[in-house]
Chemist: 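First, the structure itself, so that you have it in front of you.
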Number of protein chains: 2
Amino acid sequence: MTGITRLPHPEPTDVALTDVLFALSDPARLEIVRELAAGPLTMAECGVTNPDLPKSTKSHLMKVLREAGIVRNEPDGRRRLVSLRKDELDAVFPGLLDSVLAAD
Amino acid sequence: MTGITRLPHPEPTDVALTDVLFALSDPARLEIVRELAAGPLTMAECGVTNPDLPKSTKSHLMKVLREAGIVRNEPDGRRRLVSLRKDELDAVFPGLLDSVLAAD
DNA sequence: GTAACTGTTCCACTTCGATCGAACCGTCGG
DNA sequence: CCGACGGTTCGATCGAAGTGGAACAGTTAC
């Protein structure tokens with residue numbers, strides 16, 4: 001059986017700007033987004049700056065980013081590939097992600 | 001005596017990006033920022049979309065915006081003039097405010 | 001002076017979000 | 001099969017933030 005657990009991913013057009021801003025307003029979440037700007041990562045790979053962060057906590061942080069339409073999380077074998085939905089986000093909120101990532 | 005109550009205003013350079021994003025992540029606060037984009041307003045004037053918002057609540061919303069370096073609040077007679085610190089904010093986080101205000 | 005006006009601060013209450021262990025689920029290797 | 005692995009979900013706890021009435025403070029009008 002294809003018990004593939006695909007997580008819900010809202011269309012960025014359905015996400016409120018305030019939800020995006022809120023998701024980015026947490027240092028740990030913002031750091032994850034910065035890491036993902038260089039390319040997709042598995043869950044285990046990202047969060048390098050917080051090495052001993054419990055996996056349940058990291059999963060929750062990722063859930064907020066995913067539900068804000070910022071990140072895509074798709075199964076890949078027994079891991080999960082996380083990637084930034086940059087193009088889709090740019091289409092709805094032009095320049096937002098760039099200005100956030102540009103800040104030191 | 002000049003008992004002028006000047007409220008503390010942090011330099012935008014001293015404010016973390018996440019604090020700015022958080023301040024903007026609330027619908028009521030974001031709405032106030034949108035109104036202020038057209039020009040300075042008194043406390044009584046801004047918050048038009050939330051007409052019957054208690055003044056203590058509105059004052060608290062404004063405090064968050066002020067402490068995030070987004071807004072200036074200066075005494076003017078017996079009222080207070082609130083203005084957007086656009087130039088100062090642009091200098092520290094280029095394009096951020098514009099992209100936020102550009103979104104419908 | 002004193003009263004009305006504009007806003008801030010204080011306080012208590014409530015709601016929301018962060019955190020993390022434990023249980024659970026799908027996948028791969030033997 | 002079965003165990004190890006990579007992640008998600010659940011549930012409880014805790015601190016942070018929103019809310020709003022009441023008291024307070026500065027300013028102006030009378």
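Chain letters run A, B, ... following the sequence lines, proteins first and then strands; every chain starts at 1.
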Chemist: I want to verify a distance call: between D/dT27, C/dC20, C/dG7, whose nearest atom is closest to the B/Arg78 side chain?
Modeler: D/dT27
Chemist: Please determine, for the side chain of B/Arg29, which listed nucleotide (D/dG18, D/dG6, C/dA18) has the closest atom?
Modeler: D/dG18
Chemist: B/Arg66 has a side chain; which of C/dT6, C/dT9, D/dG6 sits nearest to it?
Modeler: C/dT9
Chemist: Whole angstroms only, please: what is the CE-C1' distance between B/Met62 and C/dT6?
Modeler: 13 Å
Chemist: So for A/Ser56 and C/dG21, does any side-chain atom that can act as donor or acceptor lie under 3.5 Å from a complementary atom in the base?
Modeler: yes
Chemist: Once you build an axis from the first five pairs and another from the last five of the helix from C/dG1-D/dC30 to C/dG30-D/dC1, how far apart in angle are they, to 10 degrees?
Modeler: 20°
Chemist: If the cut-off is 4.0 Å, is B/Asn73 near the phosphate of C/dG7, judged by side-chain N/O to OP1 or OP2?
Modeler: no
Chemist: Would you kindly give the CG-to-P distance between B/Leu81 and C/dT6, to the nearest whole Å?
Modeler: 14 Å
Chemist: Should we say atom NZ of B/Lys63 is surrounded by more than 12 heavy atoms from elsewhere, each under 6.0 Å from it?
Modeler: no
Chemist: D/dG7, D/dG18, C/dT8: which one has an atom nearest the side-chain heavy atoms of A/Arg80?
Modeler: D/dG7
Chemist: Rounded to whole Å, please give me the gap between CG in B/Asp26 and C1' in D/dA16.
Modeler: 14 Å
Chemist: Both A/Thr57 and B/Leu7 contact DNA chain C. Which one's nearest nucleotide lies toward the 5' end?
Modeler: B/Leu7
Chemist: In whole Å, I'd like the distance from the CD atom of B/Glu74 to the P atom of D/dG26.
Modeler: 19 Å
Chemist: Whole-Å distance between C/dG7 P and B/Lys58 NZ?
Modeler: 7 Å
Chemist: Which nucleotide wins on minimum distance to the side chain of A/Met43, given the candidates C/dA18, D/dT8, D/dG6?
Modeler: D/dT8
Chemist: C/dG17 C1' sits how many Å from A/Leu61 CG, rounded?
Modeler: 11 Å
Chemist: When the distance from NZ of B/Lys55 to P of C/dC10 is rounded to whole Å, what number comes out?
Modeler: 16 Å
Chemist: If you compare all heavy atoms of B/Pro10 against all heavy atoms of B/Glu67, which two are closest, and at what distance to 0.1 Å?
Modeler: CG-O, 3.4 Å
Chemist: Flag yes if more than 12 heavy atoms outside B/Arg34 fall under 6.0 Å of its CZ atom; otherwise flag no.
Modeler: yes
Chemist: Would you mind reporting whether A/Leu61 and A/Leu53 have side-chain heavy atoms less than 4.5 Å apart?
Modeler: yes
Chemist: Under the side-chain contact (heavy atoms from CB on, under 4.5 Å) criterion, do B/Arg29 and B/Leu24 qualify, and how do the steps go?
Modeler: CA-CA 6 Å; B/Arg29 287 194 296 258; B/Leu24 297 173; over 6 Å; no
Chemist: Within the structure shown, what part of the strands sits under 4.0 Å from B/Asp52 by heavy-atom distance: base, sugar-phosphate, or nothing?
Modeler: nothing
Chemist: Give the C-alpha distance, both sets of side-chain angles, the deciding distance and a yes or no for salt bridge (Lys or Arg N to Asp or Glu O under 4.0 Å) between A/Arg80 and A/Asp76.
Modeler: CA-CA 5 Å; A/Arg80 284 176 178 278; A/Asp76 172 46; over 6 Å; no
Chemist: side-chain contact (heavy atoms from CB on, under 4.5 Å) with B/Asp19: which of B/Val15, B/Leu21, B/Leu17?
Modeler: B/Val15
Chemist: Expressed as a whole number of angstroms, how long is the span from B/His60:NE2 to C/dT14:P?
Modeler: 18 Å
